[in-house]
Engineer: 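The following block contains the structure, expressed as structure tokens.
Nothing fancy with the numbering, it's 1 onward along the sequence.
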Amino acid sequence: MLSKQELINEALSLPVEERTFVIDSLLQSLNPIDKDIEQKWIKVSKRRLTEMRTGKVKGIPGDEVFDDIWKRFEK
């Protein structure tokens with residue numbers, strides 16, 4: 001069996017996509033996905049995507065969003 005450090009070194013040698021998969025798997029083991037909540041997020045995501053694609057709502061560029069956040073903290 002590998003030691004903790006050997007396991008970490010082995011994981012660090014993986015390509016970034018595989019490291020991401022390992023990290024995601026470990027995090028999910030600590031905080032398992034609630035299937036009901038996951039389904040609700042999928043439903044909301046699909047609705048929001050449809051609203052964006054049909055023009056019902058307009059996106060706000062990230063720079064504007066973060067500028068607004070910083071301005072709120074300056075007060």
Side-chain angles (χ1 to χ4, degrees):
M1 182 166 182
L2 296 175
S3 71
K4 286 183 269 184
Q5 190 57 52
E6 290 171 328
L7 182 59
I8 291 168
N9 291 341
E10 189 72 24
L12 290 173
S13 72
L14 295 170
V16 70
E17 295 85 9
E18 292 182 33
R19 282 184 291 175
T20 304
F21 178 79
V22 169
I23 291 167
D24 186 52
S25 299
L26 291 171
L27 288 173
Q28 284 186 34
S29 75
L30 297 174
N31 189 17
I33 294 174
D34 182 319
K35 296 294 181 184
D36 292 333
I37 293 173
E38 184 73 8
Q39 288 303 311
K40 288 176 183 177
W41 272 118
I42 290 170
K43 187 176 179 179
V44 168
S45 299
K46 287 181 178 180
R47 180 186 50 120
R48 289 180 177 179
L49 180 59
T50 299
E51 290 173 347
M52 291 288 292
R53 287 182 173 167
T54 61
K56 184 174 181 180
V57 296
K58 184 181 176 191
I60 301 171
D63 290 345
E64 289 181 32
V65 172
F66 289 110
D67 285 345
D68 186 46
I69 291 169
W70 283 114
K71 286 177 187 172
R72 290 180 189 194
F73 280 108
E74 289 173 356
K75 294 181 179 181

Engineer: Can you name the residues that form a side chain to side chain contact (heavy atoms under 4.5 Å, CB included) with Thr54, not counting sequence neighbours?
Structural biologist: Thr50, Lys56
Engineer: Report yes or no: do Leu12 and Leu7 belong to one cluster of Ile/Leu/Val/Met/Phe/Trp/Tyr joined by side chain heavy-atom distances under 4.5 Å?
Structural biologist: no
Engineer: In the hydrophobic clustering that connects Ile, Leu, Val, Met, Phe, Trp and Tyr at side-chain heavy-atom distances below 4.5 Å, which members other than Leu30 occupy its cluster, ordered by chain and number?
Structural biologist: none
Engineer: Please enumerate all residues that pass salt bridge (Lys or Arg N to Asp or Glu O under 4.0 Å) together with Arg47, with sequence neighbours excluded.
Structural biologist: Glu51
Engineer: Heavy atoms only: give me the nearest Lys58-Met52 pair and the separation to one decimal.
Structural biologist: C-SD, 4.3 Å
Engineer: Extract all donor-acceptor atom pairs below 3.5 Å that involve side chains of residues 61-68 and protein atoms in other chains or at least two apart in sequence.
Structural biologist:
| unit_1 | atom_1 | unit_2 | atom_2 | d |
| --- | --- | --- | --- | --- |
| Asp68 | OD2 | Arg72 | NE | 3.2 |
| Asp68 | OD2 | Arg72 | NH2 | 3.0 |

Engineer: Return the set of residues passing side chain to side chain donor-acceptor pair (under 3.5 Å) with Gln28 (not counting sequence neighbours), or none when no residue passes.
Structural biologist: Asp24
Engineer: My understanding is that a hydrophobic cluster links ILVMFWY residues whose side chain heavy atoms are under 4.5 Å apart, including indirect links. Using that, what else belongs to the cluster containing Ile23?
Structural biologist: Leu27
Engineer: Kindly list each side-chain donor-acceptor pair under 3.5 angstrom involving residues 31-39, sequence neighbours excluded, with atom names and distances?
Structural biologist:
| unit_1 | atom_1 | unit_2 | atom_2 | d |
| --- | --- | --- | --- | --- |
| Asp34 | OD1 | Asp36 | N | 2.9 |
| Asp34 | OD1 | Ile37 | N | 3.3 |

Engineer: Apply the hydrophobic cluster definition, ILVMFWY joined by side-chain contacts under 4.5 Å directly or through others, and give me every member besides Val16.
Structural biologist: none
Engineer: Restricting to side chain to side chain contact (heavy atoms under 4.5 Å, CB included), what partner residues turn up for Pro15, sequence neighbours left out?
Structural biologist: Glu17, Glu18
Engineer: Taking side chain to side chain contact (heavy atoms under 4.5 Å, CB included) as the test, write out the residues that go with Ser3, two or more places apart.
Structural biologist: Gln5, Glu6
Engineer: Mind checking who shares a hydrophobic cluster with Leu26, ILVMFWY linked at side-chain heavy-atom distances under 4.5 Å?
Structural biologist: Leu14, Val22
